[in-house]
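Structure, as structure tokens:
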Protein chains: 2
Amino acid sequence: MVVDQLSETELDRLFQALADATRRDIVRRVTVGEYSVSGLATLYAMSFAAVQKHVAVLQRASLITKEKRGREQIVRGNHDGLQKARQLLDEYEAIWRQRVERIADILAEK
Amino acid sequence: MVVDQLSETELDRLFQALADATRRDIVRRVTVGEYSVSGLATLYAMSFAAVQKHVAVLQRASLITKEKRGREQIVRGNHDGLQKARQLLDEYEAIWRQRVERIADILAEK
DNA sequence: CTGATCTACAACCATTTGGTTGTAGGATAT
DNA sequence: ATATCCTACAACCAAATGGTTGTAGATCAG
């Protein structure tokens, strides 16, 4: 079952987005609750613009979505993005398991 | 169950390492079979040194291991690294699921 | 209307990344 | 012994990354 393939570029963006502690923290937080961009910005020891950039990176990677509400932008977690990253790693692991089993089989044939 | 936590820096390296198509391909290949560094180098349209760097990045991220055999370095997949990346994403997903269930509960209470 | 708040975006800077070529050393084959 | 193969590593370069400050447009409160 090949599930909804992501292009290599999309995978690049996905993993790149997850490769930063601040961004992983944002993902964690907006998965649990709702935050505006400025709400997030208060949490980290960096400028508003820097946080804004991190949010943009996460959005390009489809890990979060933004929705305008009044003068605020509400940031929410996007389940699909996460799931797809996990699925790829699952596939790698499945291949690994197959290999381990194949070796076990070969040993069993002795 | 919190399983064998990775530091933020280690997670940075892990996801950073996976954020490149060539490196993901190397992970896939060495998970299935065995390759020397030069064996890998023949597969890609780039210099030997470039592939060597990619392998180094994967090694720093604990996604592969190298073992000297004669004049060659044999590259092998490292299951642990993969598994840890997947576990983190699993945790994110678990949090997400809890949130969805909580919302469902709230709606059910109406 | 005015002032404060939230956001977007440009310009800039230092560091990292992903590639290159070149040099050198250890292992193998003839 | 010598030539070849595999690897390590340094130096270099262009582009991307992660941060900054500054400016400007919407929206909200008084």
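Below, chain A is the first sequence line, B the second, and so on; all start at residue 1.
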Nucleotide [N], atom [atom2] - distance to [atom1] of [X] in whole Å:
{"X": "B:M46", "N": "C:dG19", "atom1": "CE", "atom2": "P", "result": "4 Å"}
{"X": "B:R71", "N": "C:dA27", "atom1": "CZ", "atom2": "P", "result": "11 Å"}
{"X": "A:K68", "N": "C:dA8", "atom1": "NZ", "atom2": "C1'", "result": "10 Å"}
{"X": "A:K53", "N": "C:dC9", "atom1": "NZ", "atom2": "P", "result": "12 Å"}
{"X": "B:Q59", "N": "D:dA8", "atom1": "CD", "atom2": "C1'", "result": "12 Å"}
{"X": "A:I74", "N": "D:dT27", "atom1": "CD1", "atom2": "C1'", "result": "14 Å"}
{"X": "A:D12", "N": "D:dA16", "atom1": "CG", "atom2": "C1'", "result": "13 Å"}
{"X": "B:E72", "N": "C:dA27", "atom1": "CD", "atom2": "C1'", "result": "10 Å"}

Within the 4.0 Å heavy-atom criterion, would you say A:S36 contacts the bases, only the backbone, or no part of the nucleic acid? sugar-phosphate

Would you indicate what A:S47 reaches in the nucleic acid, counting non-hydrogen atoms under 4.0 angstrom: base, sugar-phosphate, or nothing? base

Does a nitrogen or oxygen in the side chain of [X] sit under 4.0 Å from OP1 or OP2 of [N]?
{"X": "B:K66", "N": "D:dC6", "result": "no"}
{"X": "A:Q73", "N": "C:dT7", "result": "no"}
{"X": "A:H54", "N": "D:dG19", "result": "yes"}
{"X": "B:R23", "N": "C:dG18", "result": "yes"}
{"X": "A:S38", "N": "C:dT7", "result": "yes"}
{"X": "B:Q52", "N": "D:dA8", "result": "yes"}

Report the residue (A:A50 or B:V37) whose heavy-atom-nearest nucleotide on DNA chain D is the more 5′ of the two. B:V37

Residue among A:L40, A:V55, A:D25 satisfying side chain to side chain contact (heavy atoms under 4.5 Å, CB included) with A:V30: A:L40

Ignoring hydrogens, what is the shortest heavy-atom contact between A:H54 and A:I26? Give both atom names and the distance. CB-CD1, 4.1 Å

Non-hydrogen atoms of A:A41 and A:V51 that approach each other most closely: CA-CG2, 3.7 Å

C:dC6, C:dC9, C:dG18: which one has an atom nearest the side-chain heavy atoms of A:A49? C:dC9

Nearest-0.5 Å distance that lies between atom CD in B:E8 and atom CG in B:L11: 6.0 Å

Check for a donor-acceptor pair, side chain of B:R23 on one end and backbone N or O of B:L18 on the other, with a separation under 3.5 Å. no

Taking for B:A45 and for B:R60 the nucleotide of DNA chain C with the nearest heavy atom, the one nearer the 5' end belongs to B:R60

